Visitor: 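Structure below; questions to follow.
Just so it is clear, the structure is predicted and the values come from calculations on it, not from any experiment.
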Amino acid sequence: VASQSPVTSPSSASSFEMLDMESAHCPYQEVQPHWFFCRRADDSTSWLPFSREDSDKLENAFTNTVEGQRYDVHVKERKRYAVYWEQVPSEVRRCTWFYKGDKDTRFMPYPEDFSKDLEEAYRKAVTSDEWKKKLDFPTGETVILHNPKLIMQYQPIGLQDDWVSSPTEHTRPRTVKRGVDNISVEIPDGEPEKVDHVVFMVHGIGPACDLRFRSIIQCVNDFRSVSLSLLASHYKRAQQEGQVGRVEFLPVNWHSALHGDATGVDEDIQRITLPSISRLRHFTNDTLLDLFFYNSPTYCQTIVDTVASEFNRLHVLFKQRHPEFSGTVSVVGHSLGSLILFDLLTNQRDESQARQGISGEPCHLNCNTLEQTLNRLGLQQYLDVLQNENLDLESLALCCDSDLKDLGIPLGPRKKILNYVRRKWLPESSGLPPQQFQLHRPQSVTSAVDYEYFDVGIGQVSIDYPQLEFHPQTFFAFGSPIGMFLTVRGLKRIDPNYTFPTCKSFYNIYHPYDPVAYRIEPMIVSEVDLEPMLIPHHKGRKRMHLELKDSLTRMSMDLKNNVLGSLRTAWQSFARLPVAALPPGEGGETTTEKTLEETQGSVKLLPPALPFKREHREIKMGMLNGGRRIDYVLQEKPIESFNEYLFAIQSHLCYWESEDTALLLLKEIYDNLGVAIEQPQQ
């Protein structure tokens, strides 16, 4: 501090010193610090507070783990490190004094050394009851303590923005506040320590997950915050009674591995990219090409390996940091991420299959002859060619593509034979470690697809699918193109008896205007036109515009039924006329009367108040979700209903901040734990 003396304000335009706001003399009390961390965006820096619980932990050095143990803070370094994902360490600060300019939207904390000097000057002013002190700092700032309620900072003119020309603007001061309780900042609530369930979330195409071009880490952070808020409102009593803790959501990033230096694919693509419309081409290369990469065996292997290894790494790391955790795990896939998970889960092995694979017992191919195998593949015409070379199944498993090519077998049949034998033969013959060898379920009689050739019958890319070290409880798909991809792969119907080997629940969640989303249920139950399940609004009712729409539908049905009733009365009057041309039916009824009563009875089957009653009868939905419904649709917002095309892209990216989606996940998770949802007070 350069000097301390009673002075007048350096600003001729300022009249703060004319304000008599001095309060009565009160004893000095040390300021209560609060810890903040720095978040840097492309062109902005913001300081965000830790929760009071985490701040107290850091202040008392009880622990350096904060934010649900997702971050570690090195207090001496003043750095905050992410635990589960790669992120540049952020600065943390023990904050006591704050400032805000006229154009600032929030208070910013002073550096700790600067705050110490301010606190010492404040202490002297309070103990001596002498105010209007001027503090000059070596950096050029001037702070004036007018009174306990009014403290201002004046920037040196040289530090002002170049475009400022007015003398009044040159000397416009900053407001200075002491202590976090005196500034307008929202301090987040602390998270419950107990974790009931873990959810791994996989992103779709590209590095950005929403219209604000945020990463999967930021979007999952939002989803976690939404879930914490919903737990506090919809499971309040259960939380108070200790039945409910929280659900941990962790991001899984595969895009950086695919586009990193290890694959070199970005450099290869860049060399062949045209120079025109560069921004559009960069967007295409960075996002849309992921769809093509996933259909390439080389890069599909990279994507699937990355997702599986991240799942296993996160699972082990979480259990290390939460040794008391005894709950289960679920997985979420958005867009292409849901297809990745679908393919990965269809290629998992249950415990009986795993034991068979590890013990090295032969799979059913060993019991087949070469002729049976070729018949199954529809390649009987090549039997003589292979037998002339004295090839059996064992020797065929040792052949490569060039060997079969030398025998004159075309490319397509070669690939079919090699893929089938390599995947169905013994682990010792395939050269794969036992834990990576895939076993497949028998052919389904309900599908036109050859389940023996395709991986579980859905035409996946021919790669080695790694095994997960845990069995997911539920698979949630957001805005998923699974149905479309299965259809394009040639699958007309999903076997109703099929279920994922290690995951027994599956939900297909989508927004009605999502252009990427497709349904699943019509592929299982094709004979019934079934509407999807409407996801309830998190406040407990339908959105008002949807209720109005339903009311109009009921009105139209009422009008229709009234018209039918009037017609019936007219026909009954006509039937009572002495018309000999109408022969009597059984029991003295005329044929017309009987027909009309049957017509009336058929109308009664569809009450006007329940125009969709036929959808509520029990439908066997197959075992993909344990016999329960699979397709769940969100309610569109009123503004979205005006123009569905305008909100199409936004609809595909809405799930990360959707309370309705988060509540559906929480309900499924806690229903399995025997905890019922509560209706919040309106």
Visitor: Identify the two heavy atoms, one from Arg93 and one from Pro109, that lie closest to each other, and give their separation to 0.1 Å.
Guide: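 Where Arg93 meets Pro109 most closely, the heavy atoms are NH1-O, 3.0 Å.
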Visitor: Should we count CD of Glu241 as having more than 12 external heavy atoms under 6.0 Å?
Guide: yes
Visitor: Within the structure provided, determine whether Val143 and Ile151 are in side-chain contact (heavy-atom separation under 4.5 Å).
Guide: yes
Visitor: At what distance, to the nearest 0.5 angstrom, does CE of Met201 lie from CG of Asn253?
Guide: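 Result: 14.0 Å between the selected atoms.
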Visitor: Nearest 0.5 Å, what's the CG-OG1 distance between Asp102 and Thr175?
Guide: 7.0 Å
Visitor: Taking His74's backbone N and O only, do any of them form a donor-acceptor pair with Asn64's side chain (distance below 3.5 Å, no angle check)?
Guide: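 Here the side-chain-to-backbone pair does not exist.
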Visitor: Between Glu119 and Lys116, is the salt bridge (charged side-chain N to carboxylate O under 4.0 Å, His left out) condition met? List the steps.
Guide: CA-CA 5 Å; Glu119 182 65 19; Lys116 287 181 180 178; over 6 Å; no
Visitor: Could you check whether Arg52 pairs with Asp181 (Lys NZ or Arg NE/NH1/NH2 to Asp/Glu carboxylate O, under 4.0 Å)?
Guide: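 Yes, charged N to carboxylate O under 4.0 Å.
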Visitor: Given the side-chain rings of Tyr84 and Phe200, with only the six-membered ring counted for Trp, is the space between their centroids under 6.0 Å?
Guide: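 Between Tyr84 and Phe200, the centre distance exceeds or equals 6.0 Å.
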Visitor: Show which side-chain atoms of residues 29-39 pair as donor or acceptor with protein atoms under 3.5 Å away, not counting sequence neighbours.
Guide:
residue, atom, partner, partner atom, Å
His34, NE2, Phe50, O, 2.7
Trp35, NE1, Glu59, OE1, 3.0

Visitor: If only atom types and distance count, is the side chain of Ser330 paired as donor or acceptor with the main-chain N or O of Pro472 below 3.5 Å?
Guide: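 Flag not set: sc Ser330 to bb Pro472 has no pair under 3.5 Å.
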Visitor: Do Leu135 and Asp117 come within less than 4.5 Å of each other through their side chains, counting heavy atoms only?
Guide: no
Visitor: Is it true that Phe137 and Phe114 have ring centroids separated by less than 6.0 Å?
Guide: yes
Visitor: Mind checking side-chain contact (heavy atoms from CB on, under 4.5 Å) for Ser229 and listing every partner two or more places apart, or none if nothing turns up?
Guide: none
Visitor: How long is the straight-line distance from CG of Leu663 back to NZ of Lys539, given to the nearest 0.5 Å?
Guide: 13.0 Å
Visitor: Measure the shortest side-chain to side-chain distance between Met152 and Leu145 over non-hydrogen atoms and say whether it is less than 4.5 angstrom.
Guide: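 Side-chain contact under 4.5 Å: no.
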Visitor: Verify salt bridge (charged side-chain N to carboxylate O under 4.0 Å, His left out) between Glu191 and Arg224, making sure each step is shown before the conclusion.
Guide: CA-CA 10 Å; Glu191 300 179 16; Arg224 186 188 305 110; 5.4 Å; no
Visitor: Drop me the distance from His538's NE2 to Leu230's CG, to the nearest 0.5 angstrom.
Guide: 6.5 Å
Visitor: Please enumerate all residues that pass side-chain contact (heavy atoms from CB on, under 4.5 Å) together with Ala676, with sequence neighbours excluded.
Guide: none
Visitor: Sub-3.5 Å donor-acceptor pair from the side chain of Glu248 to the main-chain atoms of Val198, do we have one?
Guide: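 No; zero donor-acceptor contacts below 3.5 Å.
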Visitor: Does the side chain to side chain contact (heavy atoms under 4.5 Å, CB included) test come out yes or no for Val66 and Leu58, once each step is laid out?
Guide: CA-CA 9 Å; Val66 295; Leu58 296 175; 4.1 Å; yes
Visitor: For the pair His259 and Asp290, evaluate side chain to side chain contact (heavy atoms under 4.5 Å, CB included) and give the outcome as yes or no after the intermediate values.
Guide: CA-CA 9 Å; His259 294 268; Asp290 287 346; 2.8 Å; yes
Visitor: With a 6.0 Å cut-off (strictly less than), is the heavy-atom count around CD of Glu193, excluding the residue itself, greater than 12?
Guide: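 No, the 6.0 Å shell around CD holds no more than 12 heavy atoms from other groups.
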Visitor: Salt bridge (charged side-chain N to carboxylate O under 4.0 Å, His left out) with Arg214: which residues, sequence neighbours excluded?
Guide: Asp210, Asp222, Glu657
Visitor: Between Lys134 and Thr142, does the side chain to side chain contact (heavy atoms under 4.5 Å, CB included) criterion hold? Intermediate values first, please.
Guide: CA-CA 7 Å; Lys134 174 184 175 183; Thr142 298; 3.7 Å; yes
Visitor: Can you check whether Cys654's main-chain N or O pairs, donor with acceptor, with Ser658's side chain at less than 3.5 Å?
Guide: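 Flag not set: sc Ser658 to bb Cys654 has no pair under 3.5 Å.
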Visitor: Using modelled atom types and a 3.5 Å cut-off, is there a donor and acceptor pairing between side-chain atoms of His511 and backbone atoms of Leu653?
Guide: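 No, the answer is negative, given that no donor and acceptor are paired below the 3.5 Å cut-off.
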Visitor: Please report the shortest heavy-atom distance between Val83 and Leu317, naming the atom on each side.
Guide: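 That would be O-CD2, 3.6 Å.
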Visitor: Determine yes or no for a side-chain-to-main-chain donor-acceptor pair under 3.5 angstrom, with Asn312 supplying the side chain and Leu468 the backbone.
Guide: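 Checked: no pair found.
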Visitor: Would you indicate whether the side-chain heavy atoms of Val176 and Phe98 approach each other to under 4.5 Å?
Guide: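 Phe98 vs Val176: side chains apart.
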Visitor: Would you say the rings of Trp47 and Phe107 are close, in the sense that their centroids are separated by under 6.0 Å?
Guide: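 No, ring centres 6.0 Å or more apart.
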Visitor: Does any N or O in the side chain of Glu678 come within less than 3.5 Å of the main-chain N or O of Arg237, such that one atom is a donor and the other an acceptor?
Guide: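 Checked: pair present.
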Visitor: For Ser335 and His652, which heavy atoms make the closest approach, and how far apart are they?
Guide: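 Minimum heavy-atom separation between Ser335 and His652: OG-NE2, 3.1 Å.
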Visitor: If the condition is side-chain hydrogen bond (donor to acceptor under 3.5 Å, both in side chains), which residues does Tyr655 pass it with, not counting sequence neighbours?
Guide: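 Only Asp514 meet the side-chain hydrogen bond (donor to acceptor under 3.5 Å, both in side chains) criterion with Tyr655.
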Visitor: Are Tyr81 and Tyr71, when compared by the centres of their aromatic rings, separated by less than 6.0 Å?
Guide: no
Visitor: Can you name the closest pair of heavy atoms from Tyr235 and Leu666 and give their distance?
Guide: OH-O, 3.6 Å
Visitor: In Å, rounded to the nearest 0.5 Å, how long is the span from CG of Leu634 to CD of Glu659?
Guide: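 Answer for the CG-CD pair, Leu634 versus Glu659, is 10.5 Å.
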Visitor: Quick check on Phe213: does its CZ atom have over 12 non-hydrogen neighbours (other residues, nucleotides or ligands) under 6.0 Å away?
Guide: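 Incorrect, the count does not exceed 12.
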Visitor: With His334 as reference, evaluate Phe476, Trp656, Phe478 under the ring pair (Phe, Tyr, Trp, His ring centres under 6.0 Å) test and give the passing residue.
Guide: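 The passing option is Trp656.
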Visitor: Verify side chain to side chain contact (heavy atoms under 4.5 Å, CB included) between Lys667 and Ile669, making sure each step is shown before the conclusion.
Guide: CA-CA 5 Å; Lys667 185 179 185 303; Ile669 290 169; over 6 Å; no
Visitor: Using distance alone, with no hydrogens and no angle criterion, decide if Glu668 and Tyr507 have a side-chain donor and acceptor under 3.5 Å apart.
Guide: yes
Visitor: Give, for atom CD1 of Ile269 and atom CZ of Arg281, the distance between the pair rounded to the nearest 0.5 Å.
Guide: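 Result: 12.5 Å between the selected atoms.
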Visitor: Once side-chain hydrogen bond (donor to acceptor under 3.5 Å, both in side chains) is applied, do any residues pair with Glu310, and if so which ones, sequence neighbours excluded?
Guide: Arg313
Visitor: Indicate the atoms forming the closest heavy-atom contact of Ser215 with Cys209, along with that distance.
Guide: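 Minimum heavy-atom contact is C-SG, 4.1 Å.
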Visitor: Quick check against the 3.5 Å criterion: does Gln635 have a side-chain atom that pairs as donor or acceptor with the backbone of Ile535?
Guide: yes
Visitor: Ignoring hydrogens and geometry, is there a side-chain-to-backbone donor-acceptor pair from Ser309 to Thr306 under 3.5 Å?
Guide: yes
Visitor: Indicate the atoms forming the closest heavy-atom contact of Lys194 with Asp196, along with that distance.
Guide: CE-OD1, 2.9 Å
Visitor: Does NZ in Lys79 sit with more than 12 non-hydrogen atoms of other residues, nucleotides or ligands closer than 6.0 Å?
Guide: yes
Visitor: Under 3.5 Å, is there a donor-acceptor pair between the side chain of Asp54 and the main chain of Glu67?
Guide: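 Yes, the answer is positive, given that a donor and an acceptor are paired below the 3.5 Å cut-off.
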Visitor: Flag the pair Val185 / Val180 as yes when at least one side-chain heavy-atom distance between them is below 4.5 Å, and no otherwise.
Guide: yes
Visitor: Quick one about Tyr99 and Asp104 (side-chain donor to acceptor, distance below 3.5 Å, no hydrogens or angles considered), yes or no?
Guide: no
